[in-house]
A.B. asks: 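A single structure is presented below for examination.
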Amino acid sequence: DSNLYQTTEDPKKKKTFVLDMFPYPSGEGLHVGHPKGYIASDVYSRHMRMRGNDVLHPMGWDAFGLPAENFALKNKIHPRIAVEKNIKRFKEQLSILGFDYDWKREINTTDPKYYKWTQWIFLQLFKKGLAYQSDEPINWCPSCMTGLANEDLEGNSCERCGTLVEKKKLPQWVLRITDYADRLIEDLKTLNWAEHIKELQRNWIGRSEGHSLQLALKVPGQGEKHKVEIFTTRLDTLAGATFVVVSPELADRWINIGWKASEEVKKYVVAALKQRDKEHVRTTALSASVAPAPLEKEKTGVKTDITAKNPLTGEDIPVFVSDYVLGNVGTGAIMAVPAHDDRDFEFAKKYKLPIKYVVAPYFIDETENSKSRPGVEIKHRTIGVGIVKHWAEDKYLMLDWKNGWTGFITGGVDKGEDLADSIRREIKEETGYTNVRLLEHLGGPNISDFYAPHKKLNQRVLGYGMYLELIDATRVGVPKEELEKHSMLWVDKDRVLAFLKKGSPMGDSRYSEMYWERLTTENYIYSGDGLLINSGEFNGLSSSEGQEAIAKKVKAKKATNYKLRDWVFSRQRYWGEPIPIIHCVKCGAVPVPEKDLPVLLPEVESYEPSGTGESPLVKITDWVNVKCPECGGSGKRETNTMPQWAGSSWYYLRYMDPGCETSPVSKKKEKYWSPVDVYVGGIDHATRHLIYARFWHKFLYDIGTVSTVEPFARLNTVGFILAEDGRKMSKRVGNVINPDDMVEEYGSDAFRIYEMFMGPFENTIAWNTKGVVGARRFIERICKFSDKIVPETIPSLEPALHQTIKKVGEDIQAFKFNTAISQLMICLNEMETIGSVGKEQWKNYLALLAPFAPHVSEELWGGAGGNSSIHTSEWPSYEESKFEKETYVIAVQVNGKSRGTITLIKGASEVEAKDLAEADPAIAKWLVKGVKKVVYIPGKVLNFVIQS
RNA sequence: GCCGGGGUGGCGGAAUGGUAUACGCAGAGGACUUAAAAUCCUCGGAGCCCUUAUAAGCUCGUGUGAGUUCGAGUCUCACCCCCGGCACCA
């Protein structure tokens, strides 16, 4: 039986590589959620094999790393022994579920024959300059006692144990994954992955495109020779940059190279850096059940004696140090534009810095009457929009125009007139109120373009919003002609927006809505695109045009920034691949010669982590002390080990050629099997394993080891199974369902069918043991039906069977297992209705069932006289011509509403259908008004369109 | 805040623009049985009208509101809500 699933490699056949994310053989054992992905890949691989493909469907063990080591430490056994034991247990559990793995290709990342090649890949990275040493502070987990990569964090905590991480300076090996950032984003396009997974990766890599710009600095006592480089995505707002902020890290560097900062500045920098070491750069809620706390703390900062020159305005602007600018983002320094950036605004408000509006929100009226007309003169106009509050109540003054529009008081600003004066005049003219007080200007102006039909002009209106209040009810008379145009309304606060949203027949009203939003939103800042204002020669340009033009003028360079950091690759733990480097006093870091690989992980007495940042391997002096391969002098081995993710970054390649002794995989086998056709696994790996593996694969492509640029052509993510109470399964809560128990009680076929039937594969769904009972019932009905077999084909069963052949095959390939099984149930229901099944039909049905229920189908196959194994039989084929039944029912509609059905005989014409429908009194009664038109969709619907 | 994915019975969910709720679970009624389990059969969106009661009939129903269409769960626009990812990223 084990030979049944041995992989074949026939160059004339198509190949399918179906891959599961291989497990850590942890000691915890499986719960019912774990096998779901394995069942899916098993169904898929069995189906593809029956279709005649060479199928590679292997399994292996990701056995290095913290989980295995922590388990071993806790249970006081050597990790190797623990791993062996756990693998044995895992294999038992997998075997009772009937998976078709080719165990001849089993791999284990802790096998020296395997990790020899993990080390080899590291050496190639080192030789290409993609692995380098750094002693920048890294994330340190005090509980796991090891450094971690950014990807190993959940917010600010260790992803494994939840402990708050600290920053620690340690010599580290780091992989230059950022060199591949663009390609990692770009090639996502070519992959058949769900969009949200791609988005996750794009978010994680976090590319932002902008400009970098040098600003000239004036440092007291040092003249004007210094410069600072800033990064911005909004170069169009340069004229509004009223100050510059540098991160504490950058300020520290300046102090170290001779800047004589004030005591106050020095104190701030020291305190800020200390705070960052302690708190890292991010904070987050520790418990997932608590809503994350707002991240922004109140901004602090300190002014320096340095000024920078705004290259657009020529103004000298102050330079601040503040920890709201991060040292590791961009250049560690920013130009602050308080008018158009929330963070800069907050800072400016606190330190009373000038706010200059340089981008105006831009509204283009697109309605038919008001759309700007080409070739017509554009008239520029400035208007004021007044939001006027009642003297005693929380009500606002609006004008109810006779043409249907209700809005705020609006008026043009005459030449030489002040904005506030003009709105006061307007209020008096239109409503008679005279005692008005201006409370505040509502931010910068908006720009609206529209056509004014009564003036036959295109207008570009620069509008300013103002918030005013009536002091009392003092009023003068309003001219009669004004009263004829509109009446006055006092509107409750919560109804204002509804009036505005009704819109205006005489042009755009969205700018009014925006003033209202500014009034009712605390700290409103416009950070979107628009048209440039207050920017001299660039006024009137759009944000994107402005960026280009300003870049040219001030010689700013296009620049790209990433959130992705280089991959911290050292772990100060025992259970991992030794990093194959020898440190020599004379030669520095020297790679272990390839002929000496693997560098074996030595046996130790105590493999507990030291906690000092030193690996436990340090103590094994006869392993550590070696000759330098270059100069022959004394050297010491690198004692850090590789992270968990190393072995899993290329394991799929090894399955193609597990015994290869000259490279990770031979070119011939790689060419045959690459890429992985379907990769099945959890979404939790979307930003770690799946980015790391893509990075290594691209590197291996660059050095000619592999022939494809991407490792995993298609990815199907498996949805979690929750406990019956809707919560996560956990030992602590005691709601874990064990697959062994389920298989024992209901059989592995019922278990498999239930997990595939419970809903869409990628959905998270709660377990329901009653559902397994249902799956079991389905299997029992099939078994019972096996005594209804007759030698001759049953013609009336043909439509259902052929439709089932089509649907089950297509659905398996699309990972829509739930609807495939539903179709198998529908087909069984049909067989039971008919009462018997032809022998060949029955065998076809069993073949469709085989990928889902390998045991039962094999048994019934033998009972039906099938030769050899059902699993090597051919997948049935269908004929569309057999889909149609002798008689079928279609809906009859009148004006699109269902009014009955008619039963047609195969091949009926439209006229026959129509006559039949009209003969039915229940339908005919709807047709008395006269039929205007008939829509006939054969096999679907007959629709009479009548006068209405 | 930005980005992505979703809102269909009591539940999981189905539906190339064509009878919404397939298939299954749970539920109700019935058959078989001394009884229970198992098994089998039948019925399950809401409301209205009429009736002893049913059936038939009508209206409304896929988050809300508009639109396109002979016909919309499906297409277009606006809005509401839920889930997930990232986040002082300049």
Side-chain angles (χ1 to χ4, degrees), chain A residues 155 194-208 210 230-235 237 241 245 247 281-284 292 294-299 322-326 328-337 340-344 346-347 501 525 527 561-564 683 686-687 753-754 757-760 762-775 777-778 780-781 784 816 818-829 832 889-901 922 925 932-946 948:
Chain A
E195 190 50 41
H196 69 281
I197 309 275
K198 294 186 186 183
E199 196 57 28
L200 239 102
Q201 294 215 341
R202 280 189 212 107
N203 272 347
W204 189 265
I205 296 165
R207 176 163 67 185
S208 57
I230 55 124
F231 174 78
T232 177
T233 57
R234 291 300 302 273
L235 193 63
T237 64
V245 187
S247 63
V281 289
R282 294 184 279 185
T283 55
T284 191
L295 291 165
E296 285 111 86
K297 47 180 188 182
E298 203 197 327
K299 293 195 175 25
S322 171
D323 65 358
Y324 87 87
V325 174
L326 305 177
N328 58 358
V329 174
T331 60
I334 61 155
M335 64 178 213
V337 184
H340 303 292
D341 181 282
D342 293 289
R343 296 149 303 177
D344 298 343
E346 199 193 318
F347 193 82
K501 281 222 187 275
I525 282 298
S527 54
N561 191 43
Y562 302 94
K563 274 193 277 199
L564 183 73
I683 192 170
T687 51
I753 283 182
Y754 171 63
F757 183 61
M758 61 194 298
E762 64 283 357
N763 281 19
T764 297
I765 299 168
W767 179 265
N768 177 8
T769 300
K770 291 266 173 58
V772 192
V773 178
R777 266 202 288 264
F778 170 55
E780 278 170 4
R781 277 167 57 206
K784 261 192 225 164
K816 287 158 75 174
N818 57 330
T819 50
I821 291 169
S822 150
Q823 183 64 37
L824 285 169
M825 289 171 169
I826 290 169
C827 191
L828 178 65
N829 290 347
E832 286 178 339
V889 176
I890 68 165
V892 179
Q893 301 178 333
V894 177
N895 281 357
K897 274 188 189 171
S898 295
R899 297 298 182 189
T901 57
K925 73 176 184 187
K932 225 162 62 174
K933 187 178 154 190
V934 177
V935 180
Y936 179 61
I937 313 293
K940 303 272 187 190
V941 76
L942 176 69
N943 187 16
F944 294 98
V945 184
I946 60 160
S948 52

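Per chain, numbering begins at 1; letters A, B, ... match sequence-line order.
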A.B. asks: Apply the syn/anti split at 90° from 0 to B/G9 and say which one it is.
C.D. replies: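 B/G9: syn glycosidic orientation.
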A.B. asks: Just the rounded figure in Å: distance from C1' of B/A90 to CG of A/L326.
C.D. replies: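 Checked: the CG to C1' distance equals 9 Å.
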A.B. asks: Please report the distance, rounded to the nearest Å, between CD in A/E199 and C1' in B/G85.
C.D. replies: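 That distance rounds to 9 Å.
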A.B. asks: Name the closest nucleotide to the A/W204 side chain, picking from B/C58, B/G13, B/C86.
C.D. replies: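 Closest nucleotide among those given: B/C86.
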A.B. asks: Under 4.0 Å, counting only non-hydrogen atoms across every strand here, what does A/K198 touch: a base, just sugar-phosphate, or nothing?
C.D. replies: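 Result for A/K198 = nothing.
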A.B. asks: Tell whether A/K563 reaches the base of B/C86 with its side chain through a donor-acceptor pair below 3.5 angstrom.
C.D. replies: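 When only heavy-atom distances are counted, A/K563 does not reach the base of B/C86 through any donor-acceptor pair under 3.5 Å.
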A.B. asks: I'd like to know if A/R343 pairs up with A/E346 as an ion pair, taking the criterion as any Lys NZ or Arg NE/NH1/NH2 lying under 4.0 Å from an Asp or Glu carboxylate oxygen.
C.D. replies: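 Judged by the 4.0 Å cut-off on N to carboxylate O distance, A/R343 and A/E346 do not form a salt bridge.
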A.B. asks: How far does the P atom of B/A20 sit from the matching atom of B/G45, given to the nearest Å?
C.D. replies: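 Approximately 13 Å lies between the P atom of B/A20 and that of B/G45.
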A.B. asks: OP1, OP2 of B/A26 versus side-chain N and O of A/N768: anything below 4.0 Å?
C.D. replies: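 Negative; the distance criterion is not met.
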A.B. asks: What is the distance, rounded to the nearest whole Å, between atom CG of A/L942 and atom P of B/C70?
C.D. replies: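 Rounded to whole Å, this separation is 16 Å.
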A.B. asks: Between A/V945 and A/H196, just flag the one whose closest nucleotide in RNA chain B comes earlier from the 5' side.
C.D. replies: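 That would be A/H196.
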A.B. asks: For A/F347, check ring pair (Phe, Tyr, Trp, His ring centres under 6.0 Å) against everything at least two apart and list the hits.
C.D. replies: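 Listed in chain order: A/F243, A/F320, A/Y324, A/Y351.
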A.B. asks: Pick the C1' atom in B/A22 and in B/G73, then give their distance to the nearest Å.
C.D. replies: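 The same atom, C1', in both gives a distance of 14 Å.
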A.B. asks: Give the dot-bracket line for RNA chain B from 5' end to 3' end: parentheses for intra-strand Watson-Crick or G-U pairs under 3.5 Å, square brackets for crossings, | for inter-strand pairing, dots for unpaired.
C.D. replies: (((((((..(((.....[....))).(((((.......))))).((((........))))..(((((..]....))))))))))))....
A.B. asks: Restricting to non-hydrogen atoms, name the atom on A/V945 and the atom on A/V935 that form the minimum distance, rounded to 0.1 Å.
C.D. replies: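 In terms of heavy atoms, the two residues are closest at CG2-CG2, 4.5 Å.
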A.B. asks: Rounded to whole angstroms, how far apart are CD on A/E762 and P on B/G4?
C.D. replies: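 Atom CD in A/E762 sits about 19 Å away from atom P in B/G4.
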A.B. asks: Find the distance A/K897:NZ to B/G57:P and express it as a whole number of Å.
C.D. replies: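 Rounded to the whole Å, the gap is 15 Å.
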A.B. asks: State which of B/G85, B/A26, B/G13 makes the closest approach to the side chain of A/N203.
C.D. replies: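 Looking only at heavy atoms from C-beta outward on A/N203, the closest nucleotide is B/G85.
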A.B. asks: Using every non-hydrogen atom in the two residues, find where A/A686 and A/L200 come nearest and quote the distance to one decimal.
C.D. replies: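 Residues A/A686 and A/L200, closest heavy atoms: CB-CD2, 3.5 Å.
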A.B. asks: Measure from CD1 on A/I683 to C1' on B/G84 and round the result to the nearest Å.
C.D. replies: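 Answer to the nearest Å: 7 Å.
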A.B. asks: Determine the Euclidean distance between corresponding C1' atoms of B/U21 and B/C88; express it in Å to zero decimal places.
C.D. replies: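 Between the two C1' atoms, the distance is 48 Å.
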A.B. asks: Are any of the side-chain heavy atoms of A/R234 and A/V337 separated by less than 4.5 Å?
C.D. replies: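 No, too far: nothing below the 4.5 Å cut-off.
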A.B. asks: With the sugar-phosphate defined as primed atoms, P, OP1 and OP2, and the base as all remaining atoms, what B/S/- string results for nucleotides 16-24 of chain B, 5' to 3', for protein heavy atoms under 4.0 Å?
C.D. replies: B-BBS-BBS
A.B. asks: For B/G44, does the O4'-C1'-N9-C4 or O4'-C1'-N1-C2 angle fall within 90° of 0, making it syn, or is it anti?
C.D. replies: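 Base orientation: syn.
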A.B. asks: Of the options B/C88, B/C58, B/G4, whose atoms approach the side-chain atoms of A/E195 most closely?
C.D. replies: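 Closest nucleotide to the A/E195 side chain: B/G4.
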A.B. asks: Is there a side-chain contact between A/N829 and A/R781 (heavy atoms, below 4.5 Å)?
C.D. replies: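 The answer is yes; the side chains approach within 4.5 Å.
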A.B. asks: From the set B/G13, B/C3, B/C58, return the single nucleotide nearest to any side-chain atom of A/K925.
C.D. replies: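 Looking only at heavy atoms from C-beta outward on A/K925, the closest nucleotide is B/C58.
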A.B. asks: Mark yes or no for whether A/N768, through its side chain, and A/K770, through its backbone, hold a donor-acceptor pair below 3.5 Å.
C.D. replies: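 Such a contact is found between A/N768 side chain and A/K770 backbone.
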A.B. asks: How far apart are the closest heavy atoms of A/V325 and A/I334, and which atoms are they?
C.D. replies: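 Closest heavy-atom pair between A/V325 and A/I334: CG2-CG1, 3.7 Å.
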A.B. asks: Looking only at the side chain of A/N561 (C-beta and beyond, no hydrogens), which of the listed nucleotides B/G12, B/C89, B/G4 gets closest?
C.D. replies: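 Ranking B/G12, B/C89, B/G4 by closest atom to the A/N561 side chain puts B/C89 first.
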A.B. asks: Take the protein atom CD of A/E780 and the nucleotide atom P of B/U39, then report the distance between them rounded to whole Å.
C.D. replies: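 Roughly 7 Å, once rounded to whole Å.
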A.B. asks: In this structure, how many angstroms lie between the P atom of B/C3 and the CG atom of A/L200, rounded?
C.D. replies: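 Answer to the nearest Å: 15 Å.
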A.B. asks: Between B/G67 and B/G17, how far apart are the C1' atoms? Round to whole Å, please.
C.D. replies: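 B/G17 and B/G67 have their C1' atoms separated by 16 Å.
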A.B. asks: Determine the contact category for A/R899: base if any of its heavy atoms lies under 4.0 Å from a base atom, sugar-phosphate if only primed atoms, P, OP1 or OP2 are that close, otherwise nothing.
C.D. replies: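 The answer is sugar-phosphate, as A/R899 gets under 4.0 Å only of primed atoms, P, OP1 or OP2.
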A.B. asks: Can you tell me how far P in B/C58 sits from the matching atom in B/C3, rounded to whole Å?
C.D. replies: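 B/C58 and B/C3 have their P atoms separated by 48 Å.
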A.B. asks: Checking side chain to side chain contact (heavy atoms under 4.5 Å, CB included) between A/L235 and each of A/T232, A/T233, A/T237, which is the one that passes?
C.D. replies: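 The passing option is A/T232.
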A.B. asks: Rounding to an integer number of angstrom, what distance separates B/G13 and B/U8 when you compare their P atoms?
C.D. replies: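 About 9 Å, rounded to a whole number of Å.
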A.B. asks: Find which nucleotide of RNA chain B each of A/A333 and A/K784 is nearest to by heavy atoms, and output the residue with the more 5' nucleotide.
C.D. replies: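 Mapping each residue to its closest nucleotide by heavy atoms, the 5'-most match is A/K784.
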A.B. asks: For A/S527 and A/H340, which heavy atoms make the closest approach, and how far apart are they?
C.D. replies: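 Looking at all heavy atoms of both residues, the closest pair is CB-O, 3.3 Å.
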A.B. asks: If we take the P atom in both B/C60 and B/C43, what is their distance in whole Å?
C.D. replies: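 26 Å, rounded to whole Å.
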A.B. asks: Looking at every heavy atom in both A/K940 and A/I890, which two are closest together, and how far apart are they?
C.D. replies: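 Closest pair (atom of A/K940, atom of A/I890, distance): O-CB, 3.6 Å.
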A.B. asks: List the atom of A/I525, the atom of A/D341, and the distance in Å for their closest heavy-atom pair.
C.D. replies: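 Result for this residue pair: CG2-N, 3.6 Å.
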A.B. asks: How far, in whole Å, is B/G1 from B/G10 if one measures between their C1' atoms?
C.D. replies: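 Rounded to whole Å, the distance is 38 Å.
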A.B. asks: Look at A/R202 and B/C2 and indicate whether a side-chain polar atom (N or O) is within less than 4.0 Å of OP1 or OP2.
C.D. replies: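 Negative; the distance criterion is not met.
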